[in-house]
Every structure is written in C-alpha cells, then in structure tokens.
Amino acid sequence: MNADASATRSNTSATTGVLLMVGIVLATLTEAIASTVLSLGRGDIIGDTYATPDEFAWLDIGYTALKLIGFMTAPWLLTRFNPRHVIIGSTLAMGMACGIAAITARLDVLIALRIIQGFAGSTLLVGGQAIIFRAFARSRQPILQALFAMGAVVAPATLAPALQGWLIDSQSWTWIFFGVVPIALAATGLVLIADGSMPVKVRHRPFDWIGF
C-alpha cells in the first residue's frame, strides 16, 4: 500500500512538473513571437498604419524600454506575489495585448499595446526562469534551463521569423499577433493545472525606485 501510494505521488509530481515546464516554454514562445514581429512585418505595418519610419520607431522604443524596466521590476513582483500568479498574469496580458493589436491599425493604440507587451514579456521571462529554479531539483536544472532557452533564446532567432514570414506571405501581419493568443491561453491553462507546491521566499525587499 505504501509503495503504491509513493508511486502515485511520484507519478503525479512528474506529471505536474512536465505540465509546468511545457506551460513555461509556451509562455516564452509568446514573448519570442511578439519581440520579433516588427523585423519582418515592418513594411506591412507601416503601410496599414500610414506611419513614417520615425513614427513607427516608437513601436520599438516602447517595447524595448518597458522590457528593460520589466527586467528590473519582475524580481520585486516575485517577492510580493506568488510567482505562478505573476507568470499567469503576464502571459494573459501578453495574449490580450497581442489580440487587440491584431484588430487595430491605429498607431497610438499599437504603441500602447507594445508597451504592455514589453513589460509582460520581460516579467514572464524572469518569472518563468525563477519558477524553474524554485520548483525543480538542482540536478535537473541543466536540461530544464536548456529547454527554457529554446523558447527564450533560440525561438526568436529561428522558429518565430519562419512562422512570421509564412503568415505574412499567406495571410497578413495581423495573423502574427492572432497566433500569440491561443499559445498564451494554452500556457496559462497548463500553468494553472500544474498546481503542485513550490517553495516561496518570504523575504520582502524594498522596491528599487532609483533603478526604476
């Protein structure tokens, strides 16, 4: 009986770990797609928004600036809130911002949405990697961090541009943003299902207002 119970708990823990890891990797894919959308869709988006190159540059500025700010803010958020809730919230924010960006051609709205995408993307990257460090044993970190890097580093340079090029050729740039929505929903669902216990740091650090 004890052996059967231990095996069941082990299988449940393994399943929870797999679901959590897949959810985090899918979340990083949303950031990979959003961060590279302007590299291939630049000409099409400029044409649909009637923006000059200088005006269009604000889409890059807004995303990059808030992504850097998000990198500084995310560690504080992880000490104030449950890390799983942080990554769920940031992933949903990314999906919502991309979904709205797919149905508008107003430049000012797109700039605001890129700001949300930048902050949400950096937060889910930091939160996802923090969860991997906290939820899994040190012996598993090399392979798990490699999987995380596939979504955070490799995908923006390989999978995302290939997908975006195909969508622009066959459909339009709006489908790039549309494609983020189901991925974000799938990532959120998997992270919600993987509700296993995870150590939470209790030490709260003051917010770095000067750095912010």
Side-chain angles (χ1 to χ4, degrees), residues 8-35 63 65-100 113-153 155 180-212:
T8 301
R9 286 194 298 268
S10 178
N11 292 335
T12 301
S13 177
T15 302
T16 299
V18 170
L19 292 176
L20 179 62
M21 193 64 208
V22 173
I24 291 174
V25 172
L26 287 178
T28 62
L29 285 178
T30 64
E31 198 281 330
I33 296 173
S35 65
Y63 185 90
L66 267 294
K67 187 172 183 178
L68 294 175
I69 292 175
F71 281 138
M72 294 185 292
T73 309
W76 178 81
L77 291 174
L78 295 174
T79 63
R80 293 291 177 176
F81 305 100
N82 188 313
R84 184 175 281 106
H85 295 165
V86 172
I87 191 173
I88 288 173
S90 57
T91 304
L92 287 176
M94 176 67 79
M96 178 197 69
C98 289
I100 299 175
L113 293 173
R114 290 295 287 174
I115 288 174
I116 296 174
Q117 292 168 11
F119 189 85
S122 60
T123 303
L124 68 86
L125 287 177
V126 175
Q129 192 166 34
I131 288 177
I132 295 174
F133 276 120
R134 295 181 185 182
F136 298 96
R138 181 177 297 181
S139 60
R140 299 180 180 177
Q141 290 300 321
I143 182 64
L144 295 180
Q145 292 299 330
L147 292 174
F148 178 82
M150 293 292 290
V153 180
V180 174
V181 178
I183 299 176
L185 293 176
T188 301
L190 290 173
V191 176
L192 284 172
I193 294 173
D195 57 353
S197 59
M198 183 181 62
V200 178
K201 292 183 178 180
V202 296
R203 181 183 179 186
H204 298 303
R205 299 188 178 187
F207 187 76
D208 183 10
W209 287 106
I210 296 178
F212 182 79

Roughly how far, to the nearest 0.5 Å, is CD of Glu31 from OG of Ser122? 8.0 Å

Of the non-hydrogen atoms in Ile87 and Gly128, which two are nearest, and what is the gap between them? CD1-CA, 3.6 Å

Take a 6.0 Å sphere around CZ of Arg80 and say whether it holds more than 12 heavy atoms from other residues, nucleotides or ligands. yes

Within the structure provided, determine whether Gln129 and Thr28 are in side-chain contact (heavy-atom separation under 4.5 Å). no

Any side-chain heavy-atom pair from Val191 and Thr91 closer than 4.5 angstrom? no

Nearest atoms (heavy-atom pairs only) where Val181 meets Gly95: CG2-O, 3.6 Å

Whether Arg114 side chain and Ala34 backbone form a donor-acceptor pair below 3.5 Å: yes

What is the minimum heavy-atom distance between Ala152 and Leu125, and which atoms define it? CB-CD2, 3.9 Å

One pair to check against side-chain contact (heavy atoms from CB on, under 4.5 Å): Leu144 and Met21. What are the steps and the verdict? CA-CA 8 Å; Leu144 295 180; Met21 193 64 208; 3.9 Å; yes

dist Leu190:CG -> Ile88:CD1 (nearest 0.5 Å) comes out at 10.5 Å

Closest approach of Ala130 to Leu78 (non-hydrogen atoms, all atoms of both residues): CB-CD1, 3.7 Å

Does atom CE of Met96 have more than 12 heavy-atom neighbours from other groups under 6.0 Å away? yes

Which distance, rounded to the nearest 0.5 Å, do you find between the CG of Leu124 and the CZ of Phe119? 11.0 Å

Pair Ile116, Ile100 - check side-chain contact (heavy atoms from CB on, under 4.5 Å), show working. CA-CA 11 Å; Ile116 296 174; Ile100 299 175; over 6 Å; no

Side chains of Arg138 and Gln141: do they bring a donor and an acceptor to under 3.5 Å? no

What heavy-atom pair brings Ala120 and Ala93 nearest, and what distance separates the two atoms? CB-CB, 4.1 Å

Hey, could you give me the CG/CD1 distance between Leu20 and Ile131, rounded to the nearest 0.5 Å? 6.0 Å

Rounded to the nearest 0.5 Å, what's the gap from CG on Leu92 to OG1 on Thr188? Could you check? 4.0 Å

Give me the atom names and distance for the closest heavy-atom approach of Gln117 to Met94. O-CE, 3.2 Å

